[in-house]
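Shown next, in structure tokens, is the structure this report addresses.
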Amino acid sequence: MTARILDGKALAATIREEIRDEVSRFVEQRGVQPCLAAVLVGEDPASQVYVRNKQRACERAGIASQLHRLAETCGEDELLQLVADMNADPAVHGMLVQLPLPAQIRAEKVLVAVDPAKDVDAFHPENVGRLVQGRPRFLPCTPHGVQQLLVRESIEIAGAHVVIVGRSDIVGKPLANMLVQRGAGGDATVTLCHSRTRELADVTRSADILIAAIGRARFITADMIKPGATVIDVGINRTDDGLVGDVDFEAALAVAGAITPVPGGVGPLTIAMLLHNTLAAAGALI
Ligand code: NDP
């Protein structure tokens, strides 16, 4: 068996086209251009690349973008003031503070300061709570990208056993909550695994859909995959061989039924869903 490759890059391009059309209709009807403001603290090279990619994607979709940069040494108060200014700025519809933040700044204090109506990353406790209750305002971008990929590739989620490895607040936990909700894109039976899970390979081998969000290069080996399963690789790991996922892709190809590559899988979808949330924020705010 050779797994079907789930081309996240191509799907993201389709979604971005759809959003560009929606943005242009929105601008025509409302006379306002949606705007995303990003805050970047410090000089972390990966964060700089992510923020630049987000800005470029905005530009291509017809969404305005702002970048606010603060020094690595900046204080928590300075960042909180910037967030307050953006909360109050009617020209800003969506905002995000790029993580990770330097050690002197408490991320939870900053994320809770973002106006939930502008919180396009969906990290604010109010938005997390709404998601858990099944009435989300915004869906977090990476989990939403994974869900869109499954839905648009016609992979049956309802009734499937989904095993997610990784329980972070950014990927694993919200994704588990989304896939277990009632209705379209949900109704899965979800198992959420982490570093304390016993007999991990036995659990992953029982997955119809296996999602890896661990942050360890090629951690999921072929023997951890049920033949024919769908494998979604969220991981992005920088190695001497370049960017690789959390799944041993070459070996998994022979076992899985469908699989996302890294790069070109989940990553591009994350940005597409950020654009989606920014347009939604503008629509709700105006
Ligand atoms: P975190 O480091 O926050 O979480 C990693 C999770 O993996 C934790 O829950 C941890 O368990 C679990 N884990 C670690 N080691 C093991 C192990 N040996 N066995 C089982 N579970 C283990 O990572 P993130 O969720 O932020 O990111 C995960 C990956 O996804 C990274 O590679 C990141 O770069 C990538 N990513 C990609 C995005 C994209 O757009 N494609 C967006 C966001 C992240 P425990 O909780 O017990 O410590």
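Each residue takes its place number in the sequence, starting with 1. Atoms within each ligand, like the ligands themselves, are counted from 1 in listed order.
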message = As a quick check of understanding, evaluate salt bridge (charged side-chain N to carboxylate O under 4.0 Å, His left out) for R218 and E250, giving each step before the final call.
response = CA-CA 10 Å; R218 303 189 184 97; E250 296 303 331; over 6 Å; no
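Distance remark: protein heavy atom not present below 4.0 angstrom from atom 27 (O) of ligand 1.
For the residue pair T239 and N237, no side-chain donor N or O sits within less than 3.5 Å of a side-chain acceptor on the partner. Looking at Q81 and D85, their side chains do bring a donor and an acceptor atom within 3.5 Å of each other. H161 and T191 share a donor-acceptor pair across their side chains, judged by distance under 3.5 Å alone.
Atom 6 (C) of ligand 1 has as its closest protein heavy atom G166 CA, 3.5 Å. Nearest protein heavy-atom neighbour of atom 32 (O) of ligand 1: I236 N, 3.0 Å. Given atom 2 (O) of ligand 1, the protein heavy atom at minimum distance is I214 O, 4.3 Å. At the shortest separation from atom 1 (P) of ligand 1 among protein heavy atoms lies S168 CB, 4.1 Å. The protein atom (non-hydrogen) at minimum distance from atom 19 (N) of ligand 1 is F219 CZ, 3.5 Å.
Heavy atoms of A213 approach ligand 1 to within less than 4.0 angstrom. At least one heavy atom of G267 sits under 4.0 Å from some atom of ligand 1.
Taking hydrophobic clusters as Ile, Leu, Val, Met, Phe, Trp and Tyr residues chained together by side-chain heavy-atom distances below 4.5 Å, M86 shares a cluster with I105. No continuous path of hydrophobic side-chain contacts links F138 to L279 [ILVMFWY only; heavy atoms under 4.5 Å]. By the rule that hydrophobic residues join a cluster once side-chain heavy atoms approach within less than 4.5 Å of another member, I164 and I209 end up as members of one cluster.
Proximity of T197 to ligand 1, defined as any heavy-atom pair under 4.0 Å, is not found for any part of the residue. Residue-level proximity to ligand 1 for V234 is carried by backbone and side chain together, each with a heavy atom below 4.0 angstrom.
Polar contact check, R196 against ligand 1: no nitrogen or oxygen pair lies under 3.5 Å apart. Considering backbone and side-chain atoms together, S195 places an N or O closer than 3.5 Å to an N or O of ligand 1.
Which parts of ligand 1 touch R216 is read off a 4.0 Å heavy-atom cut-off, strictly below it: atoms 15 (N). For ligand 1, the atoms closer than 4.0 angstrom to any heavy atom of T270 are 39 (C), 40 (O). Close contacts of ligand 1 with G215, meaning ligand atoms under 4.0 Å from a residue heavy atom, involve 28 (C), 29 (C), 31 (C), 32 (O).
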